[in-house]
Amino acid sequence: MKIAGFEKNTLLDYPGKVASIIFTYGCNLRCPYCHNPELVIHPCLKENLYSEDYILDYLKHREGLIDALVITGGEPTLQSDLIPFIKRVKELGILVKLDTNGTLDDIVEDIMKQDIVDYWAMDIKYPSEYFKEYELDSKSVKHTIKMIMNSGKEYEFRTTYVKGIHSIEDAKSIGKMIKGAKNYYIQNFRKGKTIDPKLNESNSFTEKELEEIKKIVSPYVNKVKIR
Ligand code: SF4
């Protein structure tokens with residue numbers, strides 16, 4: 001596992017739980033609005049990586065204090081030793097939340113067969129009309145959505161809406177892709193370090209526009225929240 005970032009405690013990333021977060025290095029996408037360019041386009045510096053043992057030791061010594069480990073990235077499903085690592089975390093009695101862009105459906109399927117993830121979080125990056133432009137395989141993404149919805153596990157879908165990349169109307173197409181889903185989160189773009197340095201505050205939607213997005217997607221999913 002290439003673990004390039006570690007946050008010891010958070011109350012924000014696993015609903016209702018105290019969690020630690022690890023950030024894996026590498027991603028198969030290049031979203032212009034990505035806030036983690038150091039995990040995606042910058043070189044991976046060996047000296048900045050955390051060992052699996054370091055993370056597992058930390059969790060072990062905080063038994064009863066940390067409920068869960070959130071594995072995010074980058075794209076964690078690119079890590080060839082992800083399954084054995086999650087198994088080691090589960091042996092400690094820790095819940096696991098896995099964040100994914102859903103493009104590597106075969107790997108998601110392998111992980112699901114092991115029944116080792118307690119909470120799935122998938123980014124719905126774009127409506128399916130954009131897939132060709134962003135070189136996304138529509139079949140893989142749709143397959144992952146279906147598997148997550150049928151997994152019997154806790155899950156959420158979310159989209160970061162970026163003005164200039166997404167339109168308000170995209171919410172309808174995204175809603176159709178996740179029709180019947182339990183939870184969907186609308187996230188506004190916030191300026192900061194991004195893969196495309198030209199993105200700025202003008203790429204954020206207004207509160208009113210976010211409410212409009214919420215209204216459009218609401219008929220398709222059970223719960224929608226702006227966060
Ligand atoms: S936003 Fe996520 S999927 Fe997109 S490039 Fe960054 S890490 Fe990869």
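For this chain, numbers begin at 1 and follow the sequence in order. Note that these values count all heavy atoms, side chains included, but never hydrogens, waters or copies made by symmetry. Both ligands and their constituent atoms are indexed starting at 1 by order of listing.
- Assignment of His35 to the shell around ligand 1 is not supported, since no heavy atom sits closer than 4.0 Å.
- At the top of the distance list for atom 6 (Fe) of ligand 1, counting protein heavy atoms only, stands Cys34 SG, 2.3 Å.
- Close approach of ligand 1 to Leu29 is summarised as follows: ligand atoms under 4.0 Å from at least one heavy atom of the residue are 3 (S), 5 (S).
- Placement of Phe157 and Val141 within a single hydrophobic cluster is found when ILVMFWY residues are connected by side-chain heavy-atom separations under 4.5 Å, directly or transitively.
- Between Tyr130 and Asp170, the side chains place a donor N or O and an acceptor N or O closer than 3.5 Å (distance only, hydrogens not considered).
- Protein heavy atom in closest approach to atom 4 (Fe) of ligand 1: Cys31 SG, 2.3 Å.
- Tyr184 has its ring centre no less than 6.0 Å from the ring centre of Tyr220.
- When each atom of ligand 1 is checked for a heavy atom of Gly74 under 4.0 Å away, the hits are 7 (S).
- Close to ligand 1: Asn101, with a non-hydrogen atom less than 4.0 angstrom away.
- Interface of Cys27 with ligand 1, defined as ligand atoms under 4.0 Å from a residue heavy atom, comprises 3 (S), 5 (S), 7 (S), 8 (Fe).
- In the candidate list Glu75, Lys125, Arg30, Lys125 is nearest to atom 2 (Fe) of ligand 1, counting heavy atoms.
- Under 4.0 Å is where a charged nitrogen must lie from a carboxylate oxygen, and between Lys125 and Asp123 at least one such pair does.
- The aromatic ring centres of His42 and Tyr25 sit 6.0 Å or more apart.
- For the side-chain hydrogen bond (donor to acceptor under 3.5 Å, both in side chains) test with Asp118, the passing option among Lys97, Lys90, Lys17 is Lys90; the others fail.
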